[in-house]
Amino acid sequence: MLQKLLQHIGEYKKDTIITPILVIFEVVMEIIIPLLMAKIVDVGLANGDMNYVVKVGGAMLLAAFLALYFGIAAGKTAAKASTGYSKNIRKAMYDQIQTFSFSNIDKFSTSGLVTRLTTDVTNVQNAYQMCIRVLVRAPIMLIMSLVMSFYINAKIALIFLVAIIFLGTILYFIMTRAHTYFRQVFHKYDDLNASVQETLTGIRVVKAYVREDYEINKFHNASTSVYKGFVSAEKILLLNTPSMQFTIYACNLLISWFGAHLILNSSMKTGELMSLFTYTSSILMSLMLVSMVFVMVVMSKASVERIYEVLDEESNLKNTETPIFEVPNGSIEFKNVDFSYGKDKNKLVLEKINIKINEGETIGIIGGTGSAKSSLVQLIPRLYDATSGTVEVGGINVKEYDMDTLRNEVSMVLQKNVLFSGTIKENLRWGNKYATDEEIIKACEQAQANEFIETFPDGYDTYIEQGGTNVSGGQKQRLCIARALLKKPKILIFDDSTSAVDTKTDANIRKALREGIPNTTKIIIAQRISSIEDADKIIVIHDGKINGFGTHHELLETNVIYQEVYESQMKGVGREDE
């Protein structure tokens with residue numbers, strides 16, 4: 001995992017290398033200061049030599065300024081390296097997510113991916129900064145202080161060795177126990193983010209149904225779960241501080257006791273004892289810093305594992321070694337296709353699908369909720385792969401195409417219409433970033449969107465709020481249809497994409513499509529028979545199987561399900577007329 005982590009340092013490798021070097025110089029300067037202080041006491045003051053005191057004092061002052069300079073420089077390079085490193089990790093994760101197929105995305109919740117891109121990366125950033133600065137500084141300071149302590153008095157310095165072994169044991173215990181809790185906590189963060197995201201996205205529904213108290217309670221439960229998880233982890237981490245304090249006090253007491261005896265026996269000078277106390281503080285402070293780094297590493301280890309769950313996830317949809325970069329036409333054929341979201345042949349969503357659609361035909365699809373209508377059409381642009389059998393476009397297996405090429409020729413208006421923050425033009429140009437104003441207007445006319453766009457004060461430059469909250473459901477659908485038309489695809493798929501428009505507008509859209517793009521194969525999933533009754537053929541799907549395939553009149557005569565749907569809808573129309 002360490003090797004994988006280092007891959008994302010990238011252009012910040014220089015700052016990563018410079019930081020430890022600056023830290024080493026900083027530590028050397030700080031180590032020199034107590035030694036010079038001992039010289040002032042034991043030589044200068046003891047002999048009354050003020051010139052010696054001034055000379056060595058000046059050297060101490062210079063060392064202090066140099067330590068300050070190196071410390072500031074190390075702080076700057078460490079900050080640049082760690083923030084740049086986190087930027088690279090976020091970019092790598094985001095780029096990786098863009099390669100995911102729908103089935104890959106299904107493995108991770110949206111809130112889980114957001115937590116990984118924010119909280120988890122921030123934890124890794126903080127740990128990385130501490131590793132290249134504090135984790136370099138503390139051991140070097142500890143070792144050099146220990147060496148100087150042995151240089152002054154080896155017997156007293158043995159106290160530090162015992163202290164290091166004791167604290168090392170405590171830290172190992174903390175690391176092994178706390179990691180499990182932190183990993184659980186970050187999963188609970190996912191639930192917390194999911195609660196916030198869901199509530200804010202559906203805030204209008206929450207208010208319409210007066211469910212504020214319910215959502216507040218749900219958020220409180222998720223927040224409490226995170227709180228309890230952190231409390232469990234912190235109970236383990238709490239051992240760190242009292243252990244450090246106990247060690248510091250014990251070392252100071254032992255050094256004071258043995259040092260006083262050695263001074264009385266003339267085996268040690270006063271200045272040397274003062275230096276030992278300074279080195280004691282340095283050693284114990286280094287141990288404390290090491291413990292802090294280990295705590296951060298324990299937290300970040302769980303985050304690193306979650307990050308690499310995303311980075312190591314491989315898309316199960318890939319191009320062949322020699323993909324085809326041209327779709328000859330918009331014909332479609334399903335040959336004995338089975339499909340399961342989990343690739344489990346015992347839980348098939350679609351079963352034994354055999355359909356042939358000619359170029360330029362308009363095909364309607366109807367079926368009950370959960371009958372796998374959307375699943376069927378998502379196999380055409382290869383958003384998912386068939387579990388068995390083949391899906392062909394233009395007489396070629398979709399797996400043989402370059403995926404970008406295929407998807408550029410198969411335009412989908414999904415069930416959930418999504419508009420992004422930006423102007424209407426910017427949203428429409430998702431379909432074709434080079435589209436001219438004339439092409440945009442023509443697509444909007446076909447989608448019956450031009451009429452309402454022109455009523456806006458800013459027309460096509462009207463700003464769309466995030467999620468399209470400042471336009472109606474029907475307007476949103478028509479804008480999404482226009483966006484799809486701008487791609488000028490060979491296959492156009494409407495996944496229940498006119499449900500929010502009135503029947504007259506729906507009829508006008510179908511007429512415009514029939515006359516404006518006659519050579520484009522059109523597939524329309526609908527709940528209303530009126531939306532598909534003039535299609536060349538209609539597919540009736542029931543429980544993931546083809547229950548009927550024919551024209552409107554043929555199905556009225558032969559298909560029971562189609563007859564029932566037709567009669568129920570026509571009765572509804574009759575009641576309205578009454």
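For the single chain, residues carry numbers from 1 onward in sequence order. Nothing here was measured: the structure is a model prediction, and the numbers come from that model.
Taking the side chain as every heavy atom from C-beta outward, Val410 and Pro489 never approach each other to under 4.5 Å. The shortest distance between side-chain heavy atoms of Leu492 and Leu485 falls below 4.5 Å. Counting heavy atoms from C-beta on, the side chains of Ile546 and Lys352 never come closer than 4.5 Å. Residues Asn427 and Leu479 form no side-chain contact, since every pair of their non-hydrogen atoms from C-beta on lies 4.5 Å or further apart. The shortest distance between side-chain heavy atoms of Gln125 and Ser82 falls below 4.5 Å. A heavy-atom distance below 4.5 Å is found between the side chains of Asp338 and Glu351. Within the 4.5 Å cutoff, the side chain of Leu419 has heavy atoms near those of the Cys480 side chain. Counting heavy atoms from C-beta outward, Ile355 and Ile332 have side chains that stay 4.5 Å or more apart.
Partners of Glu333 by side-chain contact (heavy atoms from CB on, under 4.5 Å), not counting sequence neighbours, listed by chain and number: Lys335, Lys356, Glu392. Residues satisfying the side-chain contact (heavy atoms from CB on, under 4.5 Å) test with Phe325, not counting sequence neighbours, are Pro323, Asp402, Thr405. Partners of Ala482 under the side-chain contact (heavy atoms from CB on, under 4.5 Å) rule, at least two apart in sequence or in another chain, are Leu428, Ala443, Cys444, Ala447.
A donor-acceptor pair under 3.5 Å is absent between the side-chain atoms of Asp496 and the main chain of Ser374, judged by distance alone. Judged purely by atom type and a 3.5 angstrom limit, Arg133 uses its side chain to pair as donor or acceptor with the backbone of Gly71. Under a 3.5 Å cut-off, the side chain of Thr122 and the backbone N or O of Thr118 do form a donor-acceptor pair. Asn217 places no side-chain N or O within 3.5 Å of a backbone atom of Asp213 that could act as its donor or acceptor partner. Checked by atom type and distance alone, the side chain of Thr521 pairs as donor or acceptor with a backbone atom of Gly330 at under 3.5 Å. Judged by distance alone, with hydrogens and angles left aside, the side-chain atoms of Ser223 form no donor-acceptor pair with the main-chain N or O of Phe219 at under 3.5 Å.
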> Given Ile353 and Leu379, is the side-chain contact (heavy atoms from CB on, under 4.5 Å) satisfied, shown in steps?
Replying inline: CA-CA 12 Å; Ile353 304 297; Leu379 299 178; over 6 Å; no
>> Apply side-chain contact (heavy atoms from CB on, under 4.5 Å) to residues Phe334 and Val391 and explain how you reach the verdict.
In response: CA-CA 5 Å; Phe334 287 77; Val391 180; 3.9 Å; yes
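Applying the salt bridge (charged side-chain N to carboxylate O under 4.0 Å, His left out) test to pairs two or more places apart or on separate chains, those with a residue in residues 110-119 are Arg116-Asp190, Arg116-Glu309. Residue pairs that meet the salt bridge (charged side-chain N to carboxylate O under 4.0 Å, His left out) test with at least one member in residues 368-382, sequence neighbours left out, are Arg382-Asp385. Listed by first then second residue, pairs satisfying salt bridge (charged side-chain N to carboxylate O under 4.0 Å, His left out) with a partner in residues 86-97 read Glu11-Lys87, Lys91-Asp95, not counting sequence neighbours.
Relative orientation of the His8 and Tyr308 rings is tilted, given thresholds of 30° and 60° on the angle between their planes.
Under a 4.0 Å N-O distance rule, the pair Glu426/Arg429 does not qualify as a salt bridge.
Taking CE of Met93 as the start and OG of Ser86 as the end, the distance is 11.5 Å to the nearest 0.5 Å.
Among the candidates Thr322, Thr390, Ile324, the single residue satisfying the side-chain contact (heavy atoms from CB on, under 4.5 Å) test with Glu400 is Ile324.
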